[in-house]
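Atoms within a ligand are numbered from 1 in the order they appear, just like the ligands themselves.
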Amino acid sequence: MLTLDRVELADIHNPEALVRAIYAQKPDMPIPIPIEKIVLANDIKKVERLGDAPEFVGMLVTDETKSYGQIWVGRDMRPTRQRFTIAHEFGHFLLPHHKQMNYQCSSKDINQGEKGGTPEAEREWEANRFAAELMLPKPQFVKRLGKVAAPCLSHVQRLSTTFDMSVEATARRYLDLAGFPCCMVFSKDGIVTKHPAKSPDFTHWLCVSLNQKVPTISTAAIQGDGLDDFNEIAADEWLATDNRHVPDRIQEQTLYQEDGYAITMLWIEDTGFDEDE
Ligand SMILES: [Zn+2]
C-alpha cells in the first residue's frame, strides 16, 4: 500500500523534512520509485499526458483544502523527465504553504535550482527539492552508490538507471551526496546550456558561464560518443583565476549524450599535501 497518512504530513513546510516523513511512513518503498502509483494512491485523481502546451510542462489543479488534485505532464518529454515533473507537482500538492489551486510549471520552473528572487521562484525551487529528495532519496542513493574512491560519471549513469531518473537529475544529486569536490557543466555543441552545478565543497568559480563556449582544448568541445576517460588540463581553462588560488591542473570527464548534449564533470584531485607548505 502506498497510501500516506496525510494528516501527519500536513504541517511540514521543509521539502526534505516532508520527504523524510514520507519515507518514515513507507520505509520499504520500491526502487525505482513508482511515482505515478504513489500520487494516485494519495488523492490525485488522474495523471494525464498533454501535448502542444508550450507554456508549461507540468500542471497541478486542486481545491482550496487540497482534498483532491489532478496532474498533467507534457507527453513529449522523456519518461524520466515526466517522472520528475509528476513528483514536482506532487510537491506543490503536499507542501502546505503552496496555496495556489492551479500551478502551471514551465521548463524554467522545473529547472529552478536556487531560491530565486520572488516567492513564486522559491516555491518552484521547493517543489524541485521535494522531487529530487523523493525520487533520489538520500539513504538509498548513498547505499547504492557504495564505497567509491574517486568520482566518475559511470556512477551517475549507473544510478540514473537504478532510479529511472535522467542523467542530469542524477548528476545534480551526485554532487550533493557523493562527497567529492566536483562541478558539472551541461553543454550542447560546445556551448554551456545551464548554470554549472557544484558540490558543496567545490569552492572555485568557473570562467565559463551560461551561453558561452567551453574551452577549446576541453573534451567538452568535441563531439564524442558515450563516456570518455578522464583528461587532465590546465585548471585556468575552466576556473576563474582573478585574485584566487587555483590548482595548476584539473581533471575533466565528459559523458556525450544524444544530439550534441554533453555533461562534463570537473574534479580537483586531492593531492594529499598542502602546496603552501
Ligand atoms: Zn511548479
Side-chain angles (χ1 to χ4, degrees), residues 4 6 9-22 32-137 163-173 176 186 193-195 197 210:
L4 301 164
R6 284 188 56 203
L9 308 175
D11 295 323
I12 310 175
H13 292 68
N14 175 279
E16 289 80 14
L18 179 57
V19 174
R20 275 198 302 277
I22 289 174
I33 306 302
I35 184 63
E36 209 154 328
K37 284 186 183 155
I38 294 172
V39 302
L40 292 173
N42 290 285
D43 303 318
I44 299 294
K45 301 285 177 225
K46 219 177 190 184
V47 176
E48 252 189 289
R49 264 74 186 173
L50 206 69
D52 303 309
E55 67 278 12
F56 67 90
V57 296
M59 178 161 81
L60 169 76
V61 171
T62 179
D63 64 337
E64 213 162 325
T65 56
K66 291 184 171 174
S67 63
Y68 75 93
Q70 191 164 343
I71 289 174
W72 285 264
V73 283
R75 67 163 171 241
D76 297 333
M77 292 189 293
R78 287 162 187 268
T80 49
R81 192 77 178 150
Q82 291 185 16
R83 282 165 53 72
F84 187 89
T85 304
I86 294 168
H88 172 105
E89 300 306 329
F90 193 46
H92 285 313
F93 185 64
L94 290 187
L95 285 160
H97 55 301
H98 291 213
K99 290 191 182 301
Q100 285 172 227
M101 285 188 278
N102 185 337
Y103 281 91
Q104 292 193 0
C105 308
S106 65
S107 161
K108 181 170 171 264
D109 294 332
I110 307 287
N111 282 315
Q112 182 72 38
E114 52 189 16
K115 194 171 175 183
T118 63
E120 290 75 27
E122 187 173 354
R123 299 288 172 265
E124 297 308 327
W125 176 56
E126 288 170 344
N128 287 332
R129 282 163 51 197
F130 174 87
E133 195 74 36
L134 184 70
M135 302 305 287
L136 297 158
F163 288 92
D164 193 14
M165 291 297 285
S166 71
V167 171
E168 184 189 326
T170 311
R172 290 180 185 277
R173 203 65 178 138
D176 283 342
F186 307 97
T193 55
K194 290 181 180 169
H195 289 291
L210 192 62

**Message:** Nearest 0.5 Å, please: how far is CD1 in I22 from CZ in F130?
**Reply:** 4.0 Å
**Item:** Angular separation of C105 SG and H92 NE2 about the Zn ion (ligand 1), given to 10°
**Value:** 110°
**Prompt:** Does I35 reach the side chain of V39, with side-chain heavy atoms less than 4.5 Å apart?
**Reply:** yes
**Complete:** Closest non-hydrogen contact found for H92 with K66 is O-NZ, 2.8 Å
**Asked** Say you draw a straight line from CZ of F93 to CD1 of I44; how long is it, rounded to the nearest 0.5 Å?
**Response** 4.5 Å
**Prompt:** Does the shortest distance from the Zn ion (ligand 1) to an N/O/S atom of E89 fall below 2.8 Å?
**Reply:** no
**Item:** For the Zn ion (ligand 1), the closest N/O/S atom belonging to E124
**Value:** OE1
